[in-house]
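This report refers to the structure that appears directly beneath it.
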Amino acid sequence: MAKKPKKAEIKDDLLRQLEENGTYGSQYVDLVEDYMALWDLKNKLIKDIKTRGAMIEWENGEYQKGVKKNDAVVELPKINKQMLMLLKELGLRAVDSKADDLDDEL
């Protein structure tokens, strides 16, 4: 039997926790969907940082170039904070697992 992709595993776990907590309603399922959208974005930001690095080169014409901070470095903590706030509001906990597999569903 094939193993579920990491994303599906996390979503199933969060929905299971809602059920175990007796939390029912489409609005809660929608918030889990929001969490999963943030999870996708978080993984894309991590992938971008790994690919391009924390500092990136920019060029705006022949004589205007330099190095600047990769915006993904600034956005990543904001996304993580929002994900934690969603979990807290839903009364859920993060899935207890190893580092996210960036190859899943990106």
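The analysis underlying the following values was restricted to heavy atoms, covering all of them including side chains, and did not include hydrogens, waters or symmetry mates. Quick caveat, the model's predicted, so the values are computed rather than measured.
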### Task
Look only at the side chain of Asp48 and the backbone of Lys44, and say whether a donor-acceptor pair between them is shorter than 3.5 Å.
no

## Note on the structure
Closest non-hydrogen contact found for Ala54 with Val73 is CA-CG2, 3.8 Å

### Query
Got a second to check how far Met85's CE is from Leu31's CG, nearest 0.5 Å?
11.5 Å

### Query
Does atom CD of Glu33 have more than 12 heavy-atom neighbours, drawn from other residues, nucleotides or ligands, at distances under 6.0 Å?
yes

### Task
Could you tell me the separation between the CG atom of Leu92 and the OH atom of Tyr28, rounded to the nearest 0.5 Å?
11.0 Å

### Query
Does Arg52 offer a backbone N or O that forms a donor-acceptor pair with the side chain of Asn70 under 3.5 Å?
no

## Note on the structure
Heavy-atom closest pair (Leu45 atom, Ala72 atom, distance to 0.1 Å) is CD2-CB, 3.6 Å

### Message
For Trp58 versus Gln64, what's the shortest heavy-atom pair and its separation?
### Response
CZ3-O, 3.6 Å

### Contact check, side chains of Met83 and Leu87, non-hydrogen atoms, under 4.5 Å
no

### Summary
The reported gap from NZ in Lys68 to CE in Met55 (rounded to nearest 0.5 angstrom) is 10.0 Å

### Query
At what distance, to the nearest 0.5 angstrom, does CG of Asn43 lie from CG of Leu38?
11.0 Å

### Message
Between Leu76 and Ile56, is there shared hydrophobic-cluster membership here, with clusters defined by ILVMFWY side-chain heavy atoms closer than 4.5 Å?
### Response
no

### Message
Give me the atom names and distance for the closest heavy-atom approach of Lys42 to Ile79.
### Response
CB-CG2, 3.9 Å

### Heavy-atom neighbours of Glu89 CD exceed 12 at 6.0 Å
no

### Query
Could you give the distance from CG (Leu14) to CG (Leu90), rounded to the nearest 0.5 Å?
8.0 Å

### Query
Roughly how far, to the nearest 0.5 Å, is CG of Leu15 from CG of Asp12?
6.5 Å

### Message
Tell me whether Glu57 at atom CD has more than 12 heavy atoms from other residues, nucleotides or ligands lying less than 6.0 Å away.
### Response
no

### Query
So, are Glu75 and Lys78 salt-bridged, with charged N and O less than 4.0 Å apart?
yes

